[in-house]
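The structure under discussion appears below in the form of structure tokens.
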Amino acid sequence: EVLLGRWIGLALVLGGYAILGGGLELAVVALVSDYVPPQPVIAIGFLVAEAIVTLTVAIVLGSRLSAMAGGAVAVVLFGLSWVAGVLGAVAAALKLADLTAVTGGARLLLPIDGLWRGVVYHLEPPAALVLMNALSRAGANAGAFAAANPFFASAPPSAGFLAWVAAWLTGILLLAVVLFRRREP
């Protein structure tokens with residue numbers, strides 16, 4: 001009850017912060033550049049999901065480490081996961097099968113990059129997708145190399161990936177509960 005209450009409370013705070021911060025950022029972009037992304041609400045939803053995944057890692061680590069250490073390790077893992085996603089996309093573009101497989105496993109172990117790609121996809125102007133598809137059809141290898149860009153996503157995360165994220169969150173929370181119960185008083 002303590003652990004899940006703490007997780008719910010922090011998830012609400014983080015979610016509110018991500019919604020407020022993301023909304024303000026999109027409002028400033030609209031004011032300055034007159035650009036409004038095609039699906040800003042979905043993009044902010046993916047941003048909230050990224051925050052909750054990172055929070056969940058911090059909570060499970062905090063069941064064994066101090067809260068400060070668990071949070072610090074979670075932030076480092078967040079960065080490593082994002083870098084693994086970028087590296088995996090570059091490996092796929094260069095057709096490096098072994099590296100693509102390793103980084104694909106890392107993407108599933110901590111699904112930060114896939115959620116980030118969801119944020120990016122829903123913020124991109126439709127013209128960017130049309131341009132990349134046209135370049136790919138022209139044989140310019142733009143599609144493969146565009147996938148390596150951490151600020152471009154040619155497709156949203158699949159339903160299977162989103163189901164994996166939900167299962168992952170549930171499993172990690174259950175692990176946190178088990179570790180918290182076995183913790184020394």
Taking the side chain as C-beta and beyond, is there a heavy-atom pair between V177 and L173 under 4.5 Å?
no
Which pair of heavy atoms, one from I44 and one from G23, lies closest together, and at what distance?
CD1-N, 3.7 Å
Hey, could you give me the CG/CG distance between L10 and L55, rounded to the nearest 0.5 Å?
5.5 Å
Can you get from L87 to V102 by hopping between Ile, Leu, Val, Met, Phe, Trp and Tyr side chains that sit under 4.5 Å apart?
no
Side-chain heavy atoms nearer than 4.5 Å, only ILVMFWY residues, links allowed to pass through others: does that put L77 and L108 together?
yes
Are any non-hydrogen side-chain atoms of L179 and L3 less than 4.5 angstrom apart?
no
With no hydrogens and no angle check, is any side-chain donor or acceptor of E124 less than 3.5 Å from a backbone partner on A153?
yes
How long is the straight-line distance from OG1 of T170 back to CG of L175, given to the nearest 0.5 Å?
12.5 Å
Should L174 and I59 be regarded as members of a common hydrophobic cluster, given that ILVMFWY residues are connected when their side-chain heavy atoms come within less than 4.5 Å of each other, either directly or indirectly?
no
In short, P111 meets V53 closest at the heavy-atom pair CD-CG1, 4.3 Å
Hey, is CD on E25 packed in by over 12 heavy atoms from elsewhere, all under 6.0 Å?
no
Heavy-atom check, side chain of F161 versus side chain of L115, under 4.5 Å:
yes
Could you go step by step and tell me if W116 and V86 meet the side chain to side chain contact (heavy atoms under 4.5 Å, CB included) rule?
CA-CA 11 Å; W116 171 250; V86 172; over 6 Å; no
Return the minimal non-hydrogen interatomic distance between A43 and L123, and the atom names on each side.
CB-CD2, 3.6 Å
Closest non-hydrogen atom pair between E50 and V119, with its separation:
OE1-CG2, 4.1 Å
For residues P157 and G114, report the shortest heavy-atom separation together with the two atoms involved.
CG-O, 3.3 Å
Using a 4.5 Å cut-off on heavy atoms from C-beta on, say whether the side chain of P156 contacts that of H122.
yes
Got W168 and L110 here, is their nearest side-chain heavy-atom distance under 4.5 Å?
yes
Transitively linked via ILVMFWY side-chain contacts under 4.5 Å: L12 with F46?
yes
Is the backbone N or O of V60 less than 3.5 Å from a side-chain atom of S63, with the two atoms forming a donor-acceptor pair by type?
yes
I need the minimum non-hydrogen distance between A51 and L14, along with the two atoms involved.
O-CD1, 3.8 Å
Do W7 and I52 come close enough that some side-chain heavy atom pair is under 4.5 Å?
yes
With side chains defined as the heavy atoms from C-beta onward, is the minimum distance between R117 and R107 less than 4.5 Å?
yes
Following the transitive rule for hydrophobic clusters with a side-chain heavy-atom cut-off under 4.5 Å over Ile, Leu, Val, Met, Phe, Trp and Tyr, establish whether V32 and L26 coincide in one cluster.
no
Backbone N/O of T100 and side chain of T103: donor-acceptor pair under 3.5 Å
yes
Tell me, yes or no, whether the heavy-atom count around Y17 atom OH, taken from other residues, nucleotides or ligands under 6.0 Å, exceeds 12.
no
